[in-house]
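Just follow the structure's listing: the first ligand is 1, and inside any ligand the first atom is 1. Bear in mind that the values here come from a model prediction, so they are computed numbers and not experimental data.
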Amino acid sequence: MNVDGEHYRTIWRDDAGSVLAIDQQLLPFTFDICTIDGVDEMAAAIAGMTVRGAGLIGAAAGYGMYLAAIAHATDAPTDRAAGLAAARSTLNAARPTALNLSWATQRVVASLDVSLPDEDFVHAAGQIADFIADEDVEHCRRIGEHGLIILRALHASVDRPLNVLTHCNAGWLAFVDHGTATAPIYAAHDAGLPIHVWVDETRPRNQGARLTAWELGQHGVEHTVVVDSVGGHLMQHGMVDAVLVGSDRTSRTGDVANKIGTYLKALAASDNDIPFYAAMPSSTIDWTSTDGLSQTPIEQRNPNEVTHITGLLDGVETKVQLTPDGTHAINYGFDVTPSRLVTGIITERGVCDPTALAGLFPDRVEEHT
Ligand code: MRU
């Protein structure tokens, strides 16, 4: 995606063995690139949400394993294997809900030959990490193509811009490029289909208000930020044609875990006969899970994110307290929308009923049985 006319991915590596990423803690007020030089730094960047979003967390984990390979390049094969295993545990612990994290670290461990000569070992680790990132880009691009077919069909029945509501940020910032929920939106915009996006602010961290609004603006897509509780009202008044969200983990049976508050949008969409789509690459699907509600680990973050809010004050990013001193708060990061509320899942292989994922990916199901 372009930032002020220049193309960027959200994460990449340089020739000196560093990983570079867009610092999402600073957006939308400052656009800056941070340098990540070791496994602990990468785990901290993931946990602190300098890098965030399902696909980007996966790519970051792949690059984190590459940094581990650099650190253990001169070790004996058994020590390299132990070093990679330790890095994998450190990275996997950074955020529990996004499946792409453990999927990516497992992928590096499974495909990296620890007996290679030093330079080849590091080179191979870098190539695997690049492959994970490149694949994410390609899968998101295809999700855009498949989702565009849905948006075109929906637009055929309205004589005004299509209104899509999205929650949180499943945009290119949440992946390596394109995004998932936003990929069909960008494809529609680029194809000249008139489209307007309702952007849920997404408390407590405001990924919608801060990140989705910023990236839609960079791409020139019409959008309006709304507080999280407005969606139902908009739907009751015919102001939403479709809800399009991403996912951090989806069960094989189509239960969609996504940013907290998504379930309520799905309920409102169902009550108003509005299609509710979740877009995700297959790397987000938990092929071992048959019940998302009971089997998805739900991240709880620091209550401080609820009791305080950060914004720009006189040009300076400032954190202010919202609640009375000593107020107890709890901060669940995600909820699960049961498959019965999901109209369809948009993947890199096409769109399917939420309960038909196994039919679209028989090879993945087989790998996990
Ligand atoms: O906590 P985050 O910002 O990493 O959460 C991820 C999200 O932005 C969403 O839930 C998103 O819709 C799915 S990730 C593409």
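Geometrically, K259 engages F334 in a cation-pi contact defined by less than 6.0 Å to the ring centre and at most 45° from the axis.
Shown are R205, R203, K319; of these, the salt bridge (Lys or Arg N to Asp or Glu O under 4.0 Å) with E305 is made only by R205.
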Distance dump, ligand 1 polar atoms to protein, N/O, under 3.5 Å:
from, atom 1, to, atom 2, distance (Å)
ligand 1, 1 (O), R95, NH1, 3.4
ligand 1, 1 (O), R95, NH2, 2.7
ligand 1, 1 (O), K259, NZ, 2.7
ligand 1, 3 (O), R52, NE, 2.5
ligand 1, 3 (O), R52, NH2, 3.2
ligand 1, 3 (O), Q207, NE2, 2.9
ligand 1, 4 (O), G53, N, 3.0
ligand 1, 4 (O), R95, NH1, 2.7
ligand 1, 8 (O), R52, NH2, 2.7
ligand 1, 8 (O), N169, O, 2.8
ligand 1, 10 (O), D248, OD1, 2.8
ligand 1, 10 (O), N258, OD1, 2.8
ligand 1, 10 (O), K259, N, 3.0
ligand 1, 12 (O), N258, OD1, 2.7
ligand 1, 12 (O), N258, ND2, 3.4

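Using cut-offs of 30° and 60° on the angle between ring planes, the pair Y186 and H219 is tilted. Ring pair Y66/Y63 is perpendicular by interplanar angle, where above 60° counts as perpendicular and below 30° as parallel.
In terms of heavy atoms, M42 sits closest to L67 at CE-CD1, 4.4 Å.
Side-chain atoms of T250 do not come within 3.5 Å of backbone N or O of G254 as any donor-acceptor pair.
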